[in-house]
Amino acid sequence: MIVEGTHTFHVSAEQLWNYLMDPEVLAKITPGVSQLELVGEDQYKTVSKIKIGPVKGAFTGKLHVIDKDQPHSFAIQMEQLSKIGNAHARVDMAIKTIDAQNASLEFNGKANLSGLIARTGQRVLSGVANVIIKEVFSSLEEHIEEQNIT
Amino acid sequence: MGNMITVTVNGKEHSGGVEGRTLLVDYLREHLGLTGTHIGCDTSSCGACTIHMDGKAVKSCTVLAVQADGSEVTTVEGLANNGSLHPIQEGFKEEHGLQCGFCTPGMMMTATDLLKNNPNPTEDEIRHALEGNFCRCTGYHNIVKSIQYAAKKMQSPA
Amino acid sequence: MIPNSFEYKRANSVEEAISLMTEDAQVLGGGHSLIPALKLRLNNPGTLIDISKIDALKTIGDNEKSVTVGGGATHAAIANDAALAKHVPMMGQAAREIGDIQVRNVGTIGGSIAHADPAADWPAVLLASNASVVISNKDGKREVDIDQFFLGFYDTALEEGEIITAIRIPKTAANQHSCYVKFKQPASRFAIVGCAAALDLEGGTVKDARVALTGAADSAYRVKSVEKALIGNSFNLDLIHSAVGDVTEGKSIMSDHYASEKYRAHLASVYVKRALKKLL
Amino acid sequence: MTNYIGKSVKRVEDKRFITGQGKYTDDIKLNGMMYGYFVRSPYAHAIVKSINIDRASKMPGVNKILVGADIPEAIAGVPCGWQVDFKNGDTMKEPPHPLLVRKKVRHVGDGVAFVVAETRAQAKDAADEVDVDYEILDAVTCPKKATEEGAAQVHEDAPGNLCFDWELGNPKDEVAAAMAAAAHVTELDFSNQRVVPNAIEPRSAIGHYDTAYDKYTLYTSTQNPHLIRLLMCAFVLGIPEHKVRVIGPDVGGGFGSKIFHYAEEALVTWASKELGCPIKWTADRSESFLTDAHGRDHVSNAKMGFDSEGKIVALQAYTYANLGAYLSTFAPAVPTYLHGTLMQGLYTTPKINVDVKAAFTHTCAVDAYRGAGRPEATYLLERLIDLAALEMDMDPAELRFKNFIPAFDGVEQEGYTTQVALQYDSGNYDPVLKRALEMVGYEEFRKEQAAQSNGKLLGIGFSTYIEACGIAPSAVVGALGARAGLFEVAQVRVQPTGKVSVFTGAHSHGQGHETTFAQIVADRMGIGIDDVEIIHGDSDSVAFGMGTYGSRSLAVGGSAIVNSIDKVLEKGAKIAAHLLEASADDLEYAEGKWTVKGTDKSVSFGDVSLTAYVPHNYPEGLEPGLDFNAFYDPANFTYPFGAHVAIVEVDKETGEVKLKRFIAVDDVGNVINPMIVDGQIHGGLAQGIGQAMHEGTVYDETGQLINGSYMDYCMPRADDLPSFEIDRTVTPCPHNPLGVKGAGEAGCIGSTPAVVNAVIDALWKGGFKVKDVPMPMTPERVWTAMNN
């Protein structure tokens, strides 16, 4: 499953970088993530609950921020395990300066599903991924706006 | 076994406790020993588990046993009447509508629902009515003929 | 195919069902979307609140200007209802396209639209029918216009703790023509694309048009560009061909091993045309 | 005299099935029985780093959780029953196939742990709590890619993922020379995609160890209980055979997938003693998709050369066959001796070479599926010849007539010796195609096709096939690598009252043996069919048996019954002669009695039977009783053939294909029960058409089967198919006593290419000159072919 897209934020590239590297922000913006615990340098343990359509499940997983090149690019490596199946993903992120107040985030990655969810829910699951991605960016946007106001 | 239920199956009343998650098909097979109703899939697709609940064909793998509380259920074991075969059973035998026999109970239960609502179906209508039942042996050819046989038989005066 | 354990509670009234709602609970209507997910353990609620025995939810009422279909009405009941056949014929026609005999005998319209599967049939039909959804909650009732009901992928205007009690469908005028056509995924028999179209015609001119697509995008939607191009023009084959352009513009089109994004988009325009041609 | 043979006698087995009294394995409940559930790998290729069962073991109802390390070293993996060697003579690679994985999983669904609990629900609940830590590795799913450099390796001891390479026929250079001289060469790259057998009854097995008798009983949904017993005892568990009883009760369809000995069978058998209770395992459908052996899965390139008259001059075929992650029981035979040997088809092709590479991949094992190798061979030949007709602008029927082998009956004329190691028994190929053309109304159809103008494209496709079945002469298959004989066994036990119990090693899972065999017995013995009982499926009742597959039951099993009957009647005649005070040579047997020729002196079968068991007035020196065994080993394969024609309509806008008509004329030799034979043909057609139009696995690049459910994997339903138009010709088999050839696979072998050819024909006639639309021909694929 390929995930890709671009989203523009009304902050500078450097600010966007800082947001994305803040575990609290990450925990807040990732849908269903109830816990993001730092377990090593750039390594987190996550607990998340997904509730989309017919799929409701608790996932525990690992999130690893790698290949950091501040403030231009990084990659996220994720592993989410559950009783109904697992997801392994690597998403490359590129931050591009548009102007002093605007930066874009380009993401490009691939998620491999396994277990029951890989076999029975392709149609549903690719939709779920899109929903999650949408929510990540709208939450991040919201968060940034909140920060800018306060 | 938190839920007490009473279900009338093939005219006989059964009462007992079931877990909320117990599917009607498992209740019939495991609790009541009525193994004529079969399980062929886990996605409510194959129709092998079709029974009648309150006179309508349903997939008993997609109904909880607790939901059948107070209902009248008919399974393949209840199709024949006092030892004489139901016309649909006769049709399947006469027209060779079965080979391995596994999908047969579900097929017959779906077919009887069809014939109740449409006593004289066309071939297309029969084929359409079977879209919730898989058969891997017969290519459906003789199943269609079996249902036509039953339709004819049920319409002619005994 | 054994669900995880849950507590089963049967509600005898809508009020009781609402009072039983908790965060960990799920409402069981006909169960034909929910139970398959439970069996595969894709979904694991702590409590199931069974509303399938509430008779009040099953009625189909013939009102002055509309037909009110209870949320617990089965697809089969809708297919066989005389009032719907007379006043909103597309409902019965579409109902017969859903699932199979067994599914139609148990699956309900309320359950289906609450689930909001992007490939389900009802959303397109209700969008084209200009229906509204009657929802009950602890504060009483509210009615949501169908255009505001489907929000996205399995996402509706239904809030936590709410139940769909009815769908209200305006009776079609004598000059309204409607139909639902569907291209099925052959295994699941869900719609790869399904198009519902309803046109008000006066002297051969399109007065009003509602055209909706399901299956193509993450939720059913009205094809406004087509509606606009039809309204005010005289209805004929040429109009159909000129009105139906890119019917998926601005939508994120679904893709799976059976139908790619490109092919789905192509089918969407073919099926919009086919629906309209049936109304000629 | 035939009261029954050749008549559509209604099936005696139907009564139990239509009243819900059938007894399938999952219907059986034993006292104290526990339920097993497997923890299976979610990954196609991974190292099992650790398995933690602590939490799961404490779950309610759990009796035991077994992992790979719990299984003693002495218990071997699941064996393979057929050995094919490399071209250079090296033995094929045969990596172990353990009952539960210890270190490495090699396909999604590989068994990692087995949870046994008091209820099925508890076993599943606990299985969900078993924690397995995996290190995921790269996977490969395509047999061709698997053999390329750098591909992920399935087994350490099978370098390049090659199980074997193999070749048959004329030398390649001879074929190449003939090809070079050809006036026209048709070449095609194509896949014969992987399909899932999908018997509607999921596999199920119950192991039961009885301490009182020190004996195991295995109930299993199998096509051949004796073979399971042989393989499991001798090669897996090392238990003596007399301590094991295998019962294949009513079985809900097999289609090949229930021939094989599976790990689950051995595991429940062994574990029932370890745990001290009967253990039942029944697959979920999604589990069946991952663990029942799949079928087909060839990637091929083939060339067929023609002279200027349209005569075939050469055939060269290259195939990569996918074996999956492990060798299933008959896997090596399928792409070789059941495929390469059929490359002659019905044609006089003088130069043929077939080259096969068999590869391991990180997918479910592949083995025989209805037709097994022969559908793949037929597909290759029939696609090429139909395409050649289009390319050369010749009529596809005419092109076939031109190339058919002339008629031979195998008695007056010798059998036909092919370039690829077989000798056909008897054949007469023109009539089947002629009859099919008549049924189609061929000339009318071509006119209708030319006139079609409604946005739809009409097409017609042909397929004329031959298959080798009645499997098989033991000496021949032994020379080809089979590790078992393929004879069949029958015992005819006449009861003192003259009623007859027949024990057969063939196994019915839908084929109607209880009826067809009874027809033979009743006619041959001149008694009523109600006086005959057919018993099968139990290794303790039936002396021995090789089971049912390869359309062998009637040709091999039926012949064994005939031979037993002959022995019964021969001995009966001695008793009758004694009672009639005549010489046995002077007696004739008809209508259930022995009569002294030319007199009205006779004695009935019943009286002779009673005398055999109450031998008061009895021939001196003759043993009492009337009960005979026969082992029948066929002299050759049998070779049914036929002509199939499909008519399709393609929707130009959507690419949807509607199968409008399907005509099949088959020749399966003599027919015992026409109703049952027709039913076999119907079922085969549906599966063959299913492969052409609907079915096929989709693996992603990580080895996940992404359409592993009935919501995603499309099997034909009633409204996807037309009523079939079928007929037959009869060319008896010259080498078995019944003259029968076998009908189980015919429909599935002939139909697939006919449907694909029809779509290709529709596209060409519509101006789209495409060579191939990959199967299954989904609307999108057909649409793409028209819009590229």
Side-chain angles (χ1 to χ4, degrees), chain A residues 1-4 39-40 43-64 66 75-92 108-130, chain D residues 37-46 49-50 52 55-56 59 105 107-110 112 115 124-139 141 196 284-291 362-364 697-714:
Chain A
M1 198 167 64
I2 304 288
V3 289
E4 55 187 358
V39 290
Q43 290 187 50
Y44 305 93
K45 192 179 130 191
T46 63
V47 178
S48 52
K49 276 187 179 159
I50 301 290
K51 191 176 171 190
I52 298 165
V55 182
K56 295 193 175 59
F59 290 78
T60 58
K62 291 178 204 157
L63 191 151
H64 197 167
I66 52 171
I76 286 179
Q77 208 160 30
M78 274 186 296
E79 177 188 295
Q80 296 287 324
L81 308 177
S82 83
K83 291 173 190 171
I84 56 173
N86 312 326
H88 294 263
R90 181 198 159 101
V91 184
D92 288 305
N108 190 320
K110 210 171 96 182
N112 291 324
L113 301 175
S114 55
L116 186 68
I117 52 174
R119 272 200 305 287
T120 53
Q122 287 289 315
R123 178 177 67 87
V124 174
L125 264 298
S126 51
V128 169
N130 287 331
Chain D
Y37 199 91
F38 280 88
V39 176
R40 297 191 180 277
S41 169
Y43 304 114
H45 192 199
K49 285 159 60 185
S50 66
N52 185 334
R55 203 156 22 102
M59 295 283 286
V105 290
H107 69 97
V108 175
D110 223 348
V112 175
V115 180
K124 184 172 166 67
D125 289 346
D128 272 0
E129 300 300 325
V130 173
D131 282 326
V132 187
D133 192 11
Y134 296 97
E135 182 187 330
I136 304 169
L137 305 170
D138 285 344
T141 61
V196 183
D284 285 339
R285 177 56 58 186
S286 37
E287 199 177 4
S288 300
F289 267 101
L290 300 179
T291 63
H362 294 103
T363 59
C364 181
T697 57
V698 183
Y699 278 97
D700 74 9
E701 60 188 16
T702 65
Q704 296 291 329
L705 176 62
I706 65 171
N707 61 345
S709 87
Y710 284 166
M711 293 291 280
D712 301 285
Y713 183 94
C714 181

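Atom set for the values below is all heavy atoms of this structure, side chains included, hydrogens, waters and symmetry mates excluded. Letters A, B, ... are given to chains in the order of the sequence lines, protein chains preceding strands, and every chain is numbered from 1.
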Given that the side chain runs from C-beta out, which part of I84(A) has a heavy atom under 4.5 Å from chain D: side chain, backbone, both or neither? neither
Give the minimum heavy-atom separation between S114(A) and P42(D), together with the two atoms involved. CB-O, 3.3 Å
Contacts with chain A made by residues 130-138 of chain D (heavy-atom distance under 4.5 Å), listed by residue number: I136(D)
Could you give the distance from CG (L113(A)) to CG (D700(D)), rounded to the nearest 0.5 Å? 8.0 Å
Flag if over 12 foreign heavy atoms under 6.0 Å of CD, E701(D): no
Let me confirm one number: the CD-CG distance from Q704(D) to L116(A), rounded to the nearest 0.5 Å. 10.5 Å
